[in-house]
*Asks:* 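Structure provided below as structure tokens; questions to follow.
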Amino acid sequence: MIKFLDLYKINERFRKEIDEAVKRVLDGGWYVLGKENDVFCGSFAKYCGTKYAIGVANGMDALNLIIKGYGWSAGDEIIVPANTYIASILAISENGCVPVLVEPDLSTYNINPDLIEEKITSRTRAIMVVHLYGQAVQMERIWQLAQKYSLKIIEDAAQAHGAMYGGRIAGNLGDAAGFSFYPGKNLGCLGDGGAITTNDDELSRKIKALHNYGSHVKYQNLYKGFNSRLDEIQAAILNVKLRHLNSDNRRRQEIAKYYLENIKNESVTQPQIYNEIAHVWHLFVVRVREREKFRNYMMKSGVETMIHYPVPPHKQPAYAEWNHLSFPITEKIHDEVVSLPISPILMQSEIDKIVELVNGYR
Ligand SMILES: *Cc1c(COP(=O)(O)O)cnc(C)c1O
């Protein structure tokens with residue numbers, strides 16, 4: 001069986017380095033907000049080309065803290081793609097802000113920049129772009145709109161560690177970005193983890209307090225803050241895995257290239273890319289009309305596939321107030337997408353088997 005994602009194998013490659021990292025923390029006797037976190041934040045900021053990176057508990061908290069850091073609340077509107085993973089939208093609602101949904105572009109699955117301007121009102125504060133499946137959003141038009149209407153740009157970069165646009169890395173394409181280090185992401189730890197990257201001095205300073213009970217100095221609380229920190233063990237593991245991120249991403253790009261060149265089946269719509277380094281292939285997503293038939297066929301032949309995602313946020317019970325709304329492109333995507341295995345540990349024989357199977361599907 002070819003598993004969709006074999007986390008054991010992915011991490012087993014670094015067993016020795018991870019063992020040493022965990023041992024270092026255990027031996028050091030310091031478990032929250034210490035050296036490992038400082039080192040990781042420094043390295044990750046450097047990786048993204050930003051002034052700051054702040055470790056937090058998970059990707060959703062990263063987005064949530066950015067919104068809180070800017071001080072947006074009830075009635076403030078944030079534009080967000082309708083087809084994102086629901087966490088982007090939950091982070092907006094959690095602050096009482098209004099998520100304003102925009103349809104994606106069917107060719108990139110990212111927010112359609114041409115549909116943003118009509119959604120901007122006097123209450124709009126920000127555009128949240130999501131580099132979905134690992135492909136960096138084409139930012140040019142979005143930068144123009146942000147400038148024209150004085151809006152902030154937040155990146156949901158949870159799927160896009162290392163993706164590039166115009167010579168800059170995701171995490172440094174807007175005012176602030178949220179990353180997730182959930183185990184299955186391109187840069188994943190062995191539990192939950194996340195980070196915020198930004199060049200904004202004031203925002204960074206505020207979030208550094210907000211994520212630690214609202215305090216810069218112990219027992220002095222400037223804000224009604226939170227507890228959302230990246231613990232030392234996860235930071236130590238990320239210090240190991242960050243060193244391997246680029247080579248893992250390159251391997252994903254090689255596999256994607258092989259799929260793109262060798263999968264030939266009219267019933268299977270392949271992803272479209274605009275630039276080879278823009279995409280770090282967190283997921284390789286194809287579209288198939290009779291999706292269940294295709295998935296069963298693959299499964300019977302020993303290949304596990306997944307759906308990202310089966311139900312769009314506006315059709316979820318959690319957002320009952322939106323259930324009557326219609327976003328046809330978002331719904332089409334959710335009805336047809338299937339993710340093929342793509343991870344740095346796939347062997348060429350497995351990749352060949354997947355290609356052969358997809359090509360044999362009728
Ligand atoms: C994973 C993910 C998140 C949430 O990150 P967590 O660390 O799981 O909280 C947010 N947005 C997108 C697009 C994601 O893929």
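One-based numbering, in listed order, for ligands and for the atoms of each.
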*Asks:* With a 4.0 Å cut-off on heavy atoms, is Lys185 touching ligand 1?
*Replies:* yes
*Asks:* Any idea which part of Asn58 is under 4.0 Å from ligand 1, heavy-atom wise: side chain, backbone, both or neither?
*Replies:* both
*Asks:* I need the contact type for Met60 against ligand 1. Using non-hydrogen atoms and a strict under-4.0 Å cut-off, is it side chain, backbone, both or neither?
*Replies:* both
*Asks:* Does any non-hydrogen side-chain atom of Val56 lie less than 4.5 Å from one of Arg229?
*Replies:* no
*Asks:* Can you see whether Asn64 engages Asn95 through a side-chain donor-acceptor pair at a distance of less than 3.5 angstrom?
*Replies:* yes
*Asks:* Return yes or no for this condition: an N or O of Phe181 is under 3.5 Å from an N or O of ligand 1.
*Replies:* no
*Asks:* So, are Glu20 and Lys16 salt-bridged, with charged N and O less than 4.0 Å apart?
*Replies:* yes
*Asks:* Any nitrogen or oxygen of Tyr85, main chain or side chain, under 3.5 Å from a nitrogen or oxygen of ligand 1?
*Replies:* no
*Asks:* Would you check the N or O atoms of Thr84, main chain and side chain alike, for any that come under 3.5 Å of an N or O of ligand 1?
*Replies:* no
*Asks:* Should we count CD of Gln147 as having more than 12 external heavy atoms under 6.0 Å?
*Replies:* no
*Asks:* Please report which non-hydrogen protein atom sits nearest to atom 8 (O) of ligand 1, along with the residue it belongs to and the distance in Å to one decimal place.
*Replies:* Ser180 OG, 4.0 Å
*Asks:* Check whether any N or O atom of Asp156, backbone or side chain, sits under 3.5 Å from an N or O atom of ligand 1, and answer yes or no.
*Replies:* yes
*Asks:* May I ask you to check whether Ser88 and Asp156 show a side-chain donor-acceptor distance below 3.5 Å?
*Replies:* yes
*Asks:* Looking at the rings of Phe226 and Tyr213, which for Trp means the six-membered one, are their centres under 6.0 Å apart?
*Replies:* no
*Asks:* Measuring centre to centre across the rings, with the benzene-like ring taken for any Trp, is His314 within less than 6.0 Å of Phe327?
*Replies:* yes
*Asks:* At a 4.0 Å threshold, what atoms of ligand 1 neighbour a non-hydrogen atom of Gly59?
*Replies:* 5 (O), 6 (P), 7 (O), 9 (O)
*Asks:* With atoms numbered from 1 as shown, which atoms in ligand 1 lie under 4.0 angstrom from a non-hydrogen atom of Ala87?
*Replies:* 3 (C), 4 (C), 10 (C)
*Asks:* Output the list of atoms in ligand 1 that are nearer than 4.0 Å to some heavy atom of Ala158, sorted by atom number.
*Replies:* 2 (C), 3 (C), 10 (C), 11 (N), 12 (C), 14 (C), 15 (O)
*Asks:* Would Asp192 count as a contact of ligand 1 if the rule is a heavy atom under 4.0 Å away?
*Replies:* no
*Asks:* Below 30° counts as parallel, above 60° as perpendicular, anything between as tilted: where do the rings of Tyr361 and Tyr297 land?
*Replies:* tilted
